[in-house]
Amino acid sequence: MMEPSPHVDLLTPAAIRDLARGLDIRPTKTLGQNFVHDAGTVRRIVAAAGLAPGTHVLEVGPGLGSLTLALLEADMRVSAVEIDPKLATALPRTVETRCDRPENLRVVWADALTITGAGDLNERAGSAWEPPRALVANLPYNVSVPVLLGLIEAIPELETALVMVQREVAERLCAGPGSRTYGVPSAKLAWYGEARLAGNIGRSVFWPEPHVDSALVKFQRRPRYEASERFDTFSLIDQAFAQRRKTLRKALADLCGGADRAAAALESAGIDQRSRGEALGIDDFVRLARAARPGRVARASAGGKINLLLDVARPDERGYHPLRSLFCGLDLIETVTVTPRLGERVDVTTRCASKQIGDLAGLSTNDHLAVRAVRAALARCGRQAGFHLDVDKHVPVAGGMAGGSADAAAALRAAREAFDLDLSDDDLHEIARDLGADVAFGLVGGLALGLGYGDVVTPLGPAPTRTFVLAINERGLSTPEVFAAFDASGAGRAACEDALSPRWMQALADPDPSALGELVSNDLTDAALSLRPDLREIMRAGDDAGAVCTFVSGSGPTIVALARDDEHAAALARALAAAPGVAATVIATGPVVPGED
Ligand SMILES: C[C@@](CO)(OP(=O)(O)O)[C@H](O)COP(=O)(O)OP(=O)(O)OC[C@H]1O[C@@H](n2ccc(N)nc2=O)[C@H](O)[C@@H]1O
Ligand SMILES: Nc1ncnc2c1ncn2[C@@H]1O[C@H](COP(=O)(O)OP(=O)(O)O)[C@@H](O)[C@H]1O
């Protein structure tokens with residue numbers, strides 16, 4: 001049997017005033033507060049939205065709850081985002097007394113401009129609902145356009161919207177090219193789908209009565225373009241309308257890197273150079289963005305590493321240490337996607353595979369090694385450009401496993417392709433060495449010998465794959481501090497050998513890991529342990545559990561246990577996970593060259 005519709009008492013004008021008085025609320029201009037006090041109007045809005053019962057609706061700016069109650073009456077589930085703490089607190093109470101299905105409402109006290117997605121909405125609401133499918137709102141008038149565009153972008157699951165806004169804004173949102181009201185909001189909303197006017201609303205349905213007219217806009221999402229094209233398209237739209245009276249050739253000159261480039265892009269997009277932004281529809285802007293873009297989207301990968309051998313000599317006059325390092329690339333792979341952009345804006349999104357591998361939350365865009373790598377590659381070719389980076393991390397942060405260096409290496413490769421840079425592999429190696437000692441290895445992967453500062457890398461060819469268990473530590477360890485402790489101990493070698501002995505080569509080739517286990521060594525071990533004596537216990541746990549060998553990776557604090565086979569690795573992982581200070585264990589194999597099976 002179908003459940004009966006919820007019973008709801010909509011708010012009357014008297015109820016609105018009572019509620020406001022009880023809350024000591026005087027509608028404020030800054031938050032654009034005008035409350036609808038007419039039942040007919042809120043029912044009309046809900047009817048115009050045309051939604052099936054049970055739809056999860058996002059409402060922004062519910063105020064005292066007039067529209068919220070009408071949505072609940074129509075059997076919707078409502079997430080209401082309210083910025084005013086008094087109103088946000090009062091709304092659930094109002095709904096409890098006026099609706100027999102108050103569980104269909106959840107209120108989120110937040111600025112709608114800060115909502116980043118359906119997951120974020122759930123997190124803030126403290127409950128897990130399916131994503132909202134529709135936005136129905138009497139939008140705060142002073143921020144209606146950014147809220148509407150921002151939510152449509154942030155929550156791709158929103159299929160439709162029915163919003164009440166100031167009438168002039170409604171006309172702008174729905175205007176087409178050539179019309180007097182056509183502008184930035186019209187072109188940007190058209191990127192996402194179709195908008196049309198859905199009726200005017202008189203001033204008398206509000207309390208207090210506003211000084212502006214209102215209208216409804218109905219929006220239907222129709223995705224037609226690639227998300228990666230949005231930034232450039234929107235930049236072009238902003239520029240074209242910022243200088244409305246200029247011809248497009250002039251208006252877009254700065255953004256495109258000169259009037260000639262702008263002219264060439266316009267020509268290849270089939271757009272008259274003398275036309276103005278108001279003549280271009282969204283299809284034209286997208287075509288123009290494609291013609292003007294400074295490159296193409298490109299992706300590359302690089303892996304984290306452990307050092308099977310790390311000999312360290314006394315520092316030279318630069319304070320850097322000559323090394324002999326045997327790198328082993330792991331199947332913990334970082335992937336960097338470079339999206340070139342018009343203009344100069346640079347930003348980066350870093351996604352870490354799990355909480356245990358740490359995060360880069362405190363890192364500024366300019367310090368991000370992947371950003372520095374792309375900039376260095378561009379600079380080498382005398383270029384400057386905007387770009388967006390997407391970094392997918394699997395290597396633990398600050399664990400002595402060169403995750404940042406892998407990001408830089410992948411970014412160099414991806415940037416070369418994205419911007420079609422005239423750089424040879426040798427050029428990339430040179431740029432890599434300036435970015436950090438481990439970056440050159442990141443370009444190569446697999447098994448490799450690192451000489452010089454570890455940045456002169458020679459690949460050693462294929463070798464049997466080993467299984468390692470990595471004990472990831474709760475806290476990172478700073479590489480310079482470990483080198484400083486090493487110097488203070490006076491343990492530095494006079495010089496490092498520049499090759500591997502035949503015994504080493506045999507051990508590396510032997511599928512049985514025993515011989516290798518006897519050779520693995522790291523000169524930084526004592527320095528790392530002097531800073532972090534707690535790591536000893538983790539090493540002991542590996543040895544006690546029968547690891548072929550247990551060692552510190554690079555400058556630490558990751559402790560590595562070499563396993564005989566997969567089953568042995570699982571047992572080692574259990575033993576290491578129980579050791580103090582271990583945040584997580586990861587089973588990894590190597591040597592691995594990213595992109596090769
Ligand atoms: C120790 C090793 C072993 O592979 O790796 P991690 O454990 O850090 O991953 C590397 O040598 C680290 O390489 P990487 O982390 O890229 O070093 P860089 O960014 O160039 O330098 C960081 C700091 O390490 C010191 N450093 C690095 C390399 C080297 N040959 N001598 C040094 O003295 C310097 O104090 C420098 O300021
Ligand atoms: N893309 C990046 N990934 C990781 N760390 C980065 C990155 N860019 C800059 N860093 C900085 O470098 C430090 C160590 O880098 P990382 O390569 O993760 O460890 P390690 O040098 O110990 O191998 C981090 O703590 C961080 O401050």
Side-chain angles (χ1 to χ4, degrees), residues 108 110 114-129 131 154-155 301-306 330-337 347-365 367-371 388-408 410-411 438 442 467-479 528 531-532 534-535 537-539 541-542 552-561 569-570 572-590 592 594:
V108 174
T114 66
I115 302 284
T116 57
D120 181 33
L121 197 62
N122 274 344
E123 234 166 75
R124 297 185 198 222
S127 54
W129 286 18
I155 310 181
S301 295
K305 60 83 194 173
I306 53 178
L330 300 177
D331 62 347
L332 299 179
I333 307 293
E334 313 277 86
T335 303
V336 177
T337 308
D347 53 40
V348 53
T349 312
T350 307
R351 284 172 290 118
C352 292
S354 70
K355 281 207 175 83
Q356 281 81 14
I357 72 165
D359 64 57
L360 295 180
L363 193 68
S364 74
T365 300
D367 288 337
H368 200 295
L369 273 165
V371 172
H388 172 74
L389 293 188
D390 186 89
V391 181
D392 200 7
K393 276 189 86 69
H394 288 81
V395 179
V397 173
M401 296 174 64
S405 305
D407 297 344
D438 278 349
T467 305
F468 302 95
V469 182
L470 312 168
I472 316 269
N473 219 267
E474 278 161 5
R475 288 179 294 142
L477 200 46
S478 144
T479 303
L531 295 171
R532 293 285 303 279
D534 55 303
L535 298 179
E537 210 161 324
I538 304 172
M539 295 183 76
V552 176
S553 174
S555 58
T558 301
I559 302 296
V560 188
L572 286 175
R574 281 192 297 276
L576 288 170
V582 174
T585 55
V586 175
I587 297 180
T589 59
V592 162

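Numbering of residues begins at 1 and proceeds along the displayed sequence. Hydrogens, waters and symmetry mates play no part in the numbers below; they use all other heavy atoms, side chains included. Being a predicted model, the structure only gives us computed values, none of them experimental.
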(message) For Leu535 and Asn473: C-alpha separation, side-chain torsions, deciding distance, then whether side chain to side chain contact (heavy atoms under 4.5 Å, CB included) applies.
(response) CA-CA 9 Å; Leu535 298 179; Asn473 219 267; 3.4 Å; yes
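- Side-chain contact between Val560 and Val469: absent, with no pair of heavy atoms (C-beta onward) separated by less than 4.5 Å.
- Separation of atoms CG (Asp534) and CD (Glu474) is listed at 9.5 Å; rounding is to 0.5 Å.
- Within the 3.5 Å criterion, the main-chain N or O of Pro594 finds no donor-acceptor partner in the side chain of Ser301.
- Between the side chain of Glu334 and the backbone N or O of His394, at least one donor-acceptor pair lies under 3.5 Å.
- Scanning all heavy atoms of the two residues, the minimum distance from Val108 to Ala125 falls at CG2-CB, 3.7 Å.
- Between Lys393 and Asp359 no salt bridge is recorded (no basic side-chain N to carboxylate O distance below 4.0 Å).
- Considering every non-hydrogen atom in both Leu477 and Ala528, the closest pair reads CD2-CB, 4.1 Å.
- Listed here is the closest heavy atom pair of Leu572 and Ala561: CD1-CB, 4.1 Å.
- Between the OG1 atom of Thr350 and the CG atom of Leu363 there is a distance of 7.5 Å, given to the nearest 0.5 Å.
- Distance check: Asp120 CG to Ile155 CD1 gives 8.5 Å after rounding to the nearest 0.5 Å.
- No side-chain donor-acceptor contact under 3.5 Å links Asp347 to the backbone of His388.
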(request) Run the numbers on Thr335 and Arg351 for side chain to side chain donor-acceptor pair (under 3.5 Å), then give the verdict. (result) CA-CA 10 Å; Thr335 303; Arg351 284 172 290 118; over 6 Å; no
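- Between Ile472 and Thr585, every side-chain heavy-atom pair lies at or beyond the 4.5 Å cut-off.
- Closest non-hydrogen pair, Ile115 versus Ala110, comes out as CD1-CB, 4.3 Å.
- In the model, Thr479 has a side-chain atom that pairs as donor or acceptor with a side-chain atom of Ser555 under 3.5 Å.
- Using modelled atom types and a 3.5 Å distance limit, the side chains of Arg124 and Thr114 yield a donor-acceptor pair.
- A heavy-atom distance below 4.5 Å is found between the side chains of Leu360 and Val397.
- The shortest distance between side-chain heavy atoms of Arg475 and Arg532 falls below 4.5 Å.
- Rounding to the nearest 0.5 Å gives a distance of 6.0 Å between CG of Leu470 and CG of Leu330.
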(message) With side chain to side chain donor-acceptor pair (under 3.5 Å) as the criterion, how do Thr589 and Thr467 come out once you've worked through the C-alpha distance, each side chain's angles and the decisive distance to 0.1 Å?
(response) CA-CA 5 Å; Thr589 59; Thr467 305; over 6 Å; no
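- Residues Ala302 and Ala406 share a closest heavy-atom pair of CB-O, 3.3 Å.
- Summarising the geometry, atom CG belonging to Leu332 is positioned 11.0 Å from atom CD1 belonging to Ile587; distances are rounded to the nearest 0.5 Å.
- Considering all non-hydrogen atoms of both residues, Val336 and Ala410 come closest at CG2-CB, 3.7 Å.
- Between the side chain of Asp407 and the backbone N or O of Leu369, no donor-acceptor pair lies under 3.5 Å.
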(request) Starting from the C-alpha separation in whole Å, work towards a yes-or-no answer on side chain to side chain contact (heavy atoms under 4.5 Å, CB included) for Val391 and Thr349. (result) CA-CA 6 Å; Val391 181; Thr349 312; over 6 Å; no
(request) Tell me, with the steps shown, if Thr558 and Val552 meet side chain to side chain contact (heavy atoms under 4.5 Å, CB included). (result) CA-CA 6 Å; Thr558 301; Val552 176; over 6 Å; no
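- Judged by distance alone, the side chain of Ser553 and the main-chain N or O of Gly400 form a donor-acceptor pair under 3.5 Å.
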